Amino acid sequence: MASTQASKRPEPAGRGAISFWRHRGARNIAIQAVFLVAVVAVIAYFYNNMIRGLNELGLTFGYRFLGLEAGFAISEGIAYQPSDSYARALLVGIVNTVKVTLAGIVAASLIGLVVGVASLSSNWLVRSLARVYVEVFRNVPLLLQLLFWYSAVILKLPPVRQSVEVFRSFFLNQRGLYLPRLIAGQGFSSWLWFAGLALVAGVAVYFGVRRRLKRLDRPGFPSLWALGTTLLIAALGWFLVPHPPLDVDPPVLQRFNFTGGMHLSPEFAAILLGLSVYTGAFIAEVVRGGIQAVDRGQSEAALALGLRPWAVMYLVVLPQALRVIVPPVTSQYLNLAKNSSLAVAIGYPELFNVGTTIMNQTGQTLPVFTLIMACYLSLSLITSAFMNWYNRKMRLDER
Amino acid sequence: MQTSPQGALPPSTRPRLAPASLGRWLKENLFNTWYNSLLTLVSLWFVWVAISSTARWAFATARWEVIPANLTPLLIGTYPRGQVWRIWTALLTVAFLAGATAGTAGGRGKRVAAWVAPLALASLLFPLRWPTRVMLGAAVALVAGGYWLFRGKRRLWPWLAGAWFFSFPWILFLMWGIEGSGAMPRVETSAWGGLALTLILAMVGIAASLPIGILLALGRRSSLPVISWCSTALIELVRGTPLVTILFMAHLMVPIFLPELRIDKVVRAMIGLTIFTSAYMAENVRGGLQGVPKGQYEAAMALGMSGPLTMLLVILPQALRAVIPSIVGQFISLFKDTSLVAIIGLLDLLGIARSVIANPRWLGLQAEVFLFAGLIYWLFSFTLSQSSRRIERALGLTKPS
């Protein structure tokens, strides 16, 4: 295989005089042509075999099956009936994957941040607990952890009538977690006006404060001012509106099951727990490394200025550490998204799970695989686009 | 929360601390500020609750008899019992190499003993049969022997790396056997299982993906656009796809693509794992290639070496040396990832664990079985990650901290 360096050699003089295979330009083209032909030949061979196999089964290759009736039930997700099409079933899977991924990212980031900071604590016990957490959960396969949470913890919870209660509104049992839900009340539409006003005011305050700070050349937090304004107006509206804008809809135990409130299925709870605990351990290591990468002089200088230890952490060390932390954490998020496909082992209907069901029913293995891969790939591409944008934004502007 | 001071001064200039008393240590490390005292109390309460409830479960409720009853399948699956010596031989090979690696990497004897002693102790304490105990003892002896033979012989590490690489085909040969031979009959892969299968899948994945990964990395860096595009596309396609998808694909698509060859389940899983690992391996190798300074190419060119020769004799050896720690890291994550083959119905450690639970005789013992399997995974993975740090230091790739 020719390397990058080979092209830097000077072109031999008098190219007409040398034989064909000594001429690098021609040789390169020949190599690539042979390579391309070989790749195409292998793919064509595979494709041919596949088409022949499909024909023997009486199937034709293509994506036309997507419009057919799916005919299988999906246990949770957006509105869907077995009479809907395969495309709709796939969409349910995609939404479920996105749902568990987003929830997992939030939970894993929180765990990772807390444990990562804790593993640098001056408190020996806290530090050791954080180390034990990281070393235990990152060295055991995720699939095993998922199966453990699902079959050995969540399904072993008490039955519905003996649910574990917290504050008489959270109920944990083997059918999952029931929690109160906020629903729009009578005054919701009038409160929306206040909310809109609050948003506009917040944006205005943000740009106003930022301009003022820029003119005075002073540091400050325009986003905090904006957030404060927004929350203040929204809260004011809450009390001014005659009817409460939001009502609490608690889960209520009926004869056989709970009604009302929000319900997380045991499958969702297990996959969320497993993903966030596992990825949290990796993120904790990244956070720890990022904080350690900040020069000690920074925190010493901040301490010398009289900042309190927590202020040193949150105002000086963490903002600088973020620059180091974000790229590896993004790839952890990607891993989390990809790992959500392990939910197939416990029956949570995400993209891959729905995809395998469709494959079994239609026999269209390759088309379904390409669809699944396209979904995950676009997820990766979006994430890496974000990462590049962030890296550009956070690049140190050196004077 | 305060960050702990570490390594501010070189050890020689660090002031000698007064001999610490227990009270002083407690005050400095647990109760130095009011919030740290609070954190300590909360953590203590948490530790107490966690340990007491776990202990109550482990000693009163748990039915551990499921583990000894299924220990053999969990470790070796349905491998013919008369042929178990072949697995032992493989294990002894690995034990010797592990000891030798610890020796060349400059591990302290005490540390090696600390890893081996619990194993020896466990083999005496747990109700194992005597032949098993003898073999475990031999493994411990080989670790120690390898360690003493190779102690401090740092220059032998390239040979050792090669020996690790070639131990994989040797172990495969041992497991597989020879068709029609009396002493070592062929054992079909359908009989492979348990921890042995898990380890073999991880080894095959690494050994097969190393050459493919090198080729892909070279291809990605090639100046020929067609080759470079194809390599990049393949690498990114695989890295963007979950392993389960690739395993399923290998499981379902290989028979469709190659209907003439009857490739069995285990080999298909190996193909899937190899494709997956190759893409990551390629990125590791590419990192190593980028780390080789330009002067190396120029020097080789000045000596009149051709492009392929430069790559083979000058660049790759240096790049691969820098990549050894990430190969070990790859091995660890592959070792954990092999558990996914349980989803496509292979009986690796996790697969056997699931089938034990499915047995009505052991109904409802998920926690016991999964915890045991988790402990085995953890032991391997943790030991490997600790030793990979030492190897990294011994190769002079990171400064000792």
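So you know, we letter chains A, B, ... as the sequences are listed, proteins then strands, and number each from 1. Please read these numbers as outputs of a predicted model, since none were measured by experiment.
Between Thr40(B) and Trp124(A) there is no side-chain heavy-atom pair separated by less than 4.5 Å. With a 4.5 Å cut-off on side-chain heavy atoms, Val39(A) and Val226(B) do not count as touching. Looking at heavy atoms from C-beta onward, Phe35(A) lies out of side-chain contact with Leu224(B) at the 4.5 angstrom threshold. Side-chain contact between Phe148(A) and Gln366(B) is absent, with no heavy-atom pair separated by less than 4.5 Å.
Note that CG of Asn335(A) is 11.5 Å distant from CG of Leu243(B), once rounded to the nearest 0.5 Å. Annotation: the span from Asn339(A) atom CG to Asp337(B) atom CG amounts to 7.5 Å, rounded to 0.5 Å.
Residue Val369(B) does not touch chain A at all, counting heavy-atom pairs closer than 4.5 Å. Contacts between Leu125(A) and chain B at a heavy-atom distance below 4.5 Å involve backbone atoms as well as side-chain atoms. Looking at Val344(A), the atoms closer than 4.5 Å to chain B (heavy atoms on both sides) all sit in the side chain, from C-beta outward. Both the backbone and the side chain of Leu366(A) come within contact range of chain B, each with at least one heavy atom under 4.5 Å from a heavy atom of that chain. Residue Thr356(A) touches chain B through its side chain alone, counting heavy-atom pairs closer than 4.5 Å. Both the backbone and the side chain of Leu377(A) come within contact range of chain B, judged by heavy atoms closer than 4.5 Å.
Within the structure, every pair that satisfies the ring pair (Phe, Tyr, Trp, His ring centres under 6.0 Å) test and touches residues 226-252 of chain B, not counting sequence neighbours, is listed here: Phe352(A)-Phe248(B).
By the side chain to side chain donor-acceptor pair (under 3.5 Å) test, Glu285(A) is found to be paired with Arg131(A), Arg288(A), residues two or more places apart in sequence or in another chain being considered.
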